[in-house]
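Note on naming: letters A, B, ... go to the chains in the order of the sequence lines (proteins, then strands), and numbering restarts at 1 for each one.
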There are 4 protein chains.
Amino acid sequence: MSQRQSKSEAAGNRESERRRTILRAAIDVFARKGYHGCRVADVAREAGVAYGLVYHYFKNKDELLETVVETGWSGFVSRMRAVAEDESTSLEEKVRGIADVAFEAYRVDPRAVKVLILEVARSPAGTQVVSRQQAFLDTIRMAATMFARSQTTGELRADLDPMLCASLLFGAIELGLTAFVSGLMEDRSPEALDRAKLQIAESFLRGVLPGAAAPPEASWKQEKVSSGTKQKVGKRS
Amino acid sequence: MSQRQSKSEAAGNRESERRRTILRAAIDVFARKGYHGCRVADVAREAGVAYGLVYHYFKNKDELLETVVETGWSGFVSRMRAVAEDESTSLEEKVRGIADVAFEAYRVDPRAVKVLILEVARSPAGTQVVSRQQAFLDTIRMAATMFARSQTTGELRADLDPMLCASLLFGAIELGLTAFVSGLMEDRSPEALDRAKLQIAESFLRGVLPGAAAPPEASWKQEKVSSGTKQKVGKRS
Amino acid sequence: MSQRQSKSEAAGNRESERRRTILRAAIDVFARKGYHGCRVADVAREAGVAYGLVYHYFKNKDELLETVVETGWSGFVSRMRAVAEDESTSLEEKVRGIADVAFEAYRVDPRAVKVLILEVARSPAGTQVVSRQQAFLDTIRMAATMFARSQTTGELRADLDPMLCASLLFGAIELGLTAFVSGLMEDRSPEALDRAKLQIAESFLRGVLPGAAAPPEASWKQEKVSSGTKQKVGKRS
Amino acid sequence: MSQRQSKSEAAGNRESERRRTILRAAIDVFARKGYHGCRVADVAREAGVAYGLVYHYFKNKDELLETVVETGWSGFVSRMRAVAEDESTSLEEKVRGIADVAFEAYRVDPRAVKVLILEVARSPAGTQVVSRQQAFLDTIRMAATMFARSQTTGELRADLDPMLCASLLFGAIELGLTAFVSGLMEDRSPEALDRAKLQIAESFLRGVLPGAAAPPEASWKQEKVSSGTKQKVGKRS
DNA sequence: AATGAATGAGGTTTCATTCAT
DNA sequence: CATGAATGAAACCTCATTCAT
């Protein structure tokens with residue numbers, strides 16, 4: 001802030017600046033080519049720094065991803081948690097808040113969200129450090145807990161599985177965002193984003209809130225027996 | 001079937017038997033460690049065949065995945081399409097049918113579904129052959145078309161984006177299945193699967209069908225302005 | 001042995017042949033440039049094989065050295081042990097036998113001995129797998145035990161430290177061999193080797209066997225006080 | 001000495017102080033992990049100075065070792081030479097003197113001695129600057145010359161190879177010291193050191209001085225033919 | 001003098017793919 | 001068909017050295 005920074009301050013700033021540059025480059029490259037599809041050299045080139053500098057700031061390629069994920073995810077999760085555990089709000093507000101957080105994250109840094117979706121949300125279990133895979137699941141569990149609490153207050157239909165509600169909500173949000181990330185949605189304007197967010201939240205709420213308008217269950221109840229048996233879904237030719 | 005098979009038949013059968021063994025092994029290994037996390041040798045070992053035999057039946061590692069995906073996905077898609085484009089059924093039945101197809105596929109071969117979810121649904125755009133990435137998106141587009149048609153008949157609320165509806169449905173289904181795949185759902189009995197399927201379909205339908213019971217929109221309409229702006233979601237420190 | 005070898009036999013032979021080729025090349029290269037001074041590529045080139053084949057037969061560069069050492073050393077040690085623990089021989093015969101084993105090893109494969117001397121005998125403790133450093137020390141300990149036993153039978157002067165006797169013997173042998181390895185000894189003919197071997201064994205024996213002719217200790221006893229004090233050997237602080 | 005030092009003197013002192021600190025650290029680190037097993041950063045950390053400062057005082061890593069060796073070795077050699085070339089002493093006194101010098105060097109700075117043993121005495125020929133490898137050999141040659149002279153005066157048995165005598169002496173001393181360095185000798189007290197020194201010198205002298213008590217050569221003369229032939233020392237299977 | 005960030009050549013290791021048997 | 005040894009390009013990582021401050 002002061003006109004003159006002490007040497008160490010200046011150095012400290014430059015260091016974190018470089019570090020951030022590399023992290024930024026990593027996000028961009030990971031988003032573009034995927035973690036496995038890019039080389040450390042790509043990240044370095046994107047960042048405009050020498051090869052070895054990446055290893056000055058990060059132990060190895062994996063830690064680079066780990067850091068990208070952690071910084072991106074931890075903020076996301078803490079905001080999510082703040083919304084989900086706010087005792088002064090209704091379930092409805094919470095759900096809308098969660099959608100807000102997710103879409104806002106996308107608005108601010110779509111590429112980072114893409115990396116999170118691609119490399120964190122889904123990835124073989126055993127492969128990486130527990131944290132990565134777990135991070136995503138923990139978030140869903142957190143939401144499930146939120147839904148379970150809502151059932152005790154009657155805000156959520158009692159016949160629903162809270163874990164499934166959570167999956168449903170996050171699945172909708174995630175694939176909604178994926179639609180933007182992947183180019184399925186042509187209009188990526190802020191307004192379109194906002195509309196998508198609202199639609200997702202609203203549809204979800206309509207579906208799970210205890211409302212008068214139950215869907216005409218009768219029609220499917222009688223055919224549910226057949227489901228799962230009449231379909232032949234043999235995987236291989 | 002006959003006691004004696006002609007030479008070519010026998011050879012053909014033995015070949016496809018081996019081929020199938022390898023494909024099966026590939027599915028299992030991909031599901032366990034991911035495409036990038038495993039080596040061709042792992043697949044060969046899992047199949048109990050020699051190293052080079054994999055290359056006898058498949059051009060390269062990528063074709064192996066391609067084949068896994070194609071055989072798994074094409075059946076899935078055709079069944080999906082049959083359901084979605086059946087002109088004699090209501091939207092509700094179609095949606096339930098889609099959920100049926102997805103969950104039945106999981107019931108029959110959960111590991112194959114896992115591979116499809118991991119390696120097909122999400123993966124960086126540029127990386128692989130177009131087909132893979134496209135396959136998933138095409139399916140969503142197909143569902144979007146289905147929803148769009150339903151709007152013309154008044155079966156679906158007109159104010160919803162069909163593409164988003166498709167994302168919402170598939171997102172819910174996919175993450176629902178992920179909940180099983182990842183172990184989030186402890187009870188993986190057929191009954192639990194069935195329950196999940198029904199809940200997902202029903203909640204989705206409730207949310208998007210034109211019903212009397214609109215959710216209390218008033219409550220959020222007045223705060224919607226703020227959403228996407230008041231939240232501070234800065235990704236990095 | 002038979003004219004026709006079964007497939008696996010042939011393969012087995014070819015495999016071990018290659019493996020041996022690489023090991024041989026490693027010995028030569030290690031002897032010439034040292035473990036740290038050469039690249040895996042050098043070994044591959046020397047062996048006339050492709051780069052990656054080295055890794056087909058050995059886990060990594062370190063295992064390559066480990067194997068060189070083990071195969072070379074284990075034979076050496078077992079022969080040494082056979083000599084040292086033979087209860088039917090006199091100490092004198094044992095000492096001569098040990099010199100035999102060492103010099104014969106050098107005659108048979110001087111480069112392998114060079115590698116053993118360079119990379120095994122001495123090397124920082126913590127660096128490598130225990131076995132390497134320990135192997136050498138264990139051999140000395142074995143000899144020390146042999147000397148200790150000889151003291152009980154009166155074959156060795158009782159006033160000597162067995163461990164030091166072992167060090168003395170092996171030090172003499174090792175540096176004797178080093179004189180050949182390093183080119184200090186110009187004549188490397190078998191006869192010269194034999195002469196060196198005999199001289200070393202004989203001088204050692206003269207020095208440690210209980211003989212009438214004690215060295216004129218008187219002469220140094222009176223000046224021993226000064227030793228270790230008058231010399232200024234400060235390495236610089 | 002004077003109360004006031006000129007600026008350059010002061011600077012010079014400070015410089016050499018730092019320089020010495022780094023050199024000291026290098027000795028310790030080299031002794032602990034070996035030249036190849038450590039990084040320049042390790043030396044810097046051990047010295048408690050910044051990374052680049054090492055390069056302020058030394059051209060490169062190799063010069064660091066070179067300097068360690070030179071300062072350590074040159075003093076050692078000049079003391080050794082003073083003893084070996086002192087025309088007023090008997091061979092016996094010279095040998096005892098050499099042992100004195102070596103053990104005193106170890107007493108004063110065992111780690112420096114370890115480095116000398118590890119990095120100087122043995123190291124592949126081609127690897128480094130000639131001086132290093134040569135330094136050790138030259139010392140042995142010097143001793144060999146000393147022994148050769150002793151033969152002309154009849155102090156040393158005429159049937160011995162002077163070069164081998166030198167190797168024998170230094171081998172015994174070196175491995176004697178190694179026994180201490182490596183922990184083979186449990187008692188490392190000054191007294192134990194002194195005892196070892198005396199035993200080595202005395203045994204060596206007994207072995208090589210022309211004494212009445214020749215070892216019973218007869219016993220081995222008749223079996224010497226076999227040596228080197230009956231032993232099967234094939235290195236590999 | 002002192003610092004440690006920055007550089008990049010050089011080495012190791014992996015693993016998809018080919019090929020001889 | 002089947003095998004698995006052989007190949008080598010491509011990626012990762014290390015670390016000596018330089019350089020701007």
Enquirer: Does dT3(E) pair with anything, Watson-Crick or G-U wobble, both distances under 3.5 Å, and if so, with which nucleotide?
Expert: dA20(F)
Enquirer: On DNA chain F, does the nearest nucleotide to R39(D) precede the nearest nucleotide to V40(A) from the 5' side, or the other way round? Give the residue.
Expert: V40(A)
Enquirer: For the residue pair Y35(C) and H36(D), establish whether any side-chain heavy-atom pair is separated by less than 4.5 Å.
Expert: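 The answer is no; the side chains never approach within 4.5 Å.
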Enquirer: Quick one: H56(D) NE2 to dG4(E) P, roughly how many Å, whole number?
Expert: 15 Å
Enquirer: Given atom CG of L53(B) and atom P of dA2(F), what is their separation to the nearest angstrom?
Expert: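 Answer to the nearest Å: 5 Å.
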Enquirer: From the set dT3(F), dT13(E), dA16(E), return the single nucleotide nearest to any side-chain atom of K61(B).
Expert: dA16(E)
Enquirer: Choose from dC1(F), dA2(E), dT14(E) the nucleotide whose nearest atom is closest to any side-chain atom of R18(D).
Expert: dA2(E)
Enquirer: Provide, to the nearest angstrom, the distance between the CG atom belonging to N60(B) and the P atom belonging to dC15(E).
Expert: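 In whole Å, dC15(E) P and N60(B) CG are 17 Å from each other.
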Enquirer: Atom NE2 of H36(A) to atom P of dC15(E): distance rounded to whole Å?
Expert: 11 Å
Enquirer: Taking the nucleotide of DNA chain F with the closest heavy atom to each, which residue, G48(C) or G52(B), is nearer the 5' end?
Expert: G52(B)
Enquirer: When you get a sec, tell me which of dT18(F), dG4(F), dT17(E) is the closest nucleotide to the side chain of A50(B)?
Expert: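 Closest of the options to the side chain of A50(B): dG4(F).
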Enquirer: Under 4.5 Å between any side-chain heavy atoms of F30(B) and L118(B), yes or no?
Expert: no
Enquirer: What nucleotide, of dA16(E), dC13(F), dA2(E), holds the atom closest to the side chain of Y57(D)?
Expert: dA2(E)
Enquirer: Considering non-hydrogen atoms only, spot the tightest contact between Y57(D) and R18(D) and give its length.
Expert: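 Answer, listing the atom of Y57(D) first, then R18(D): OH-CB, 3.5 Å.
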Enquirer: Quick check for you: among dT13(E), dA16(F), dG11(E), whose closest atom lies nearest to any side-chain atom of Y55(C)?
Expert: dT13(E)
Enquirer: Under 4.0 Å between a side-chain nitrogen and a carboxylate oxygen: does that hold for D28(C) and R32(C)?
Expert: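 No salt bridge links D28(C) with R32(C).
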Enquirer: Is there a side-chain contact between V40(A) and N60(A) (heavy atoms, below 4.5 Å)?
Expert: no
Enquirer: What integer distance in Å separates F58(C):CZ from dT12(E):P?
Expert: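 After rounding, the gap between these two atoms is 15 Å.
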Enquirer: Between V54(A) and C38(C), which is nearer to the 5' end of DNA chain E once each is assigned its nearest nucleotide?
Expert: V54(A)
Enquirer: dT17(E) C1' sits how many Å from L64(B) CG, rounded?
Expert: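 Nearest whole value for this atom pair: 14 Å.
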Enquirer: Could you tell me the separation between the OH atom of Y51(A) and the C1' atom of dA9(E), rounded to a whole number of Å?
Expert: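 Y51(A) atom OH is separated from dA9(E) atom C1' by 12 Å.
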Enquirer: Suppose we define a pair by two distances each less than 3.5 Å, Watson-Crick or G-U wobble; what does dC12(F) pair with here?
Expert: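 dC12(F) is paired with dG11(E).
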Enquirer: Please report, rounded to the nearest Å, how far the C1' atom of dA16(F) is from the CG atom of L65(D).
Expert: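 These atoms are roughly 15 Å apart.
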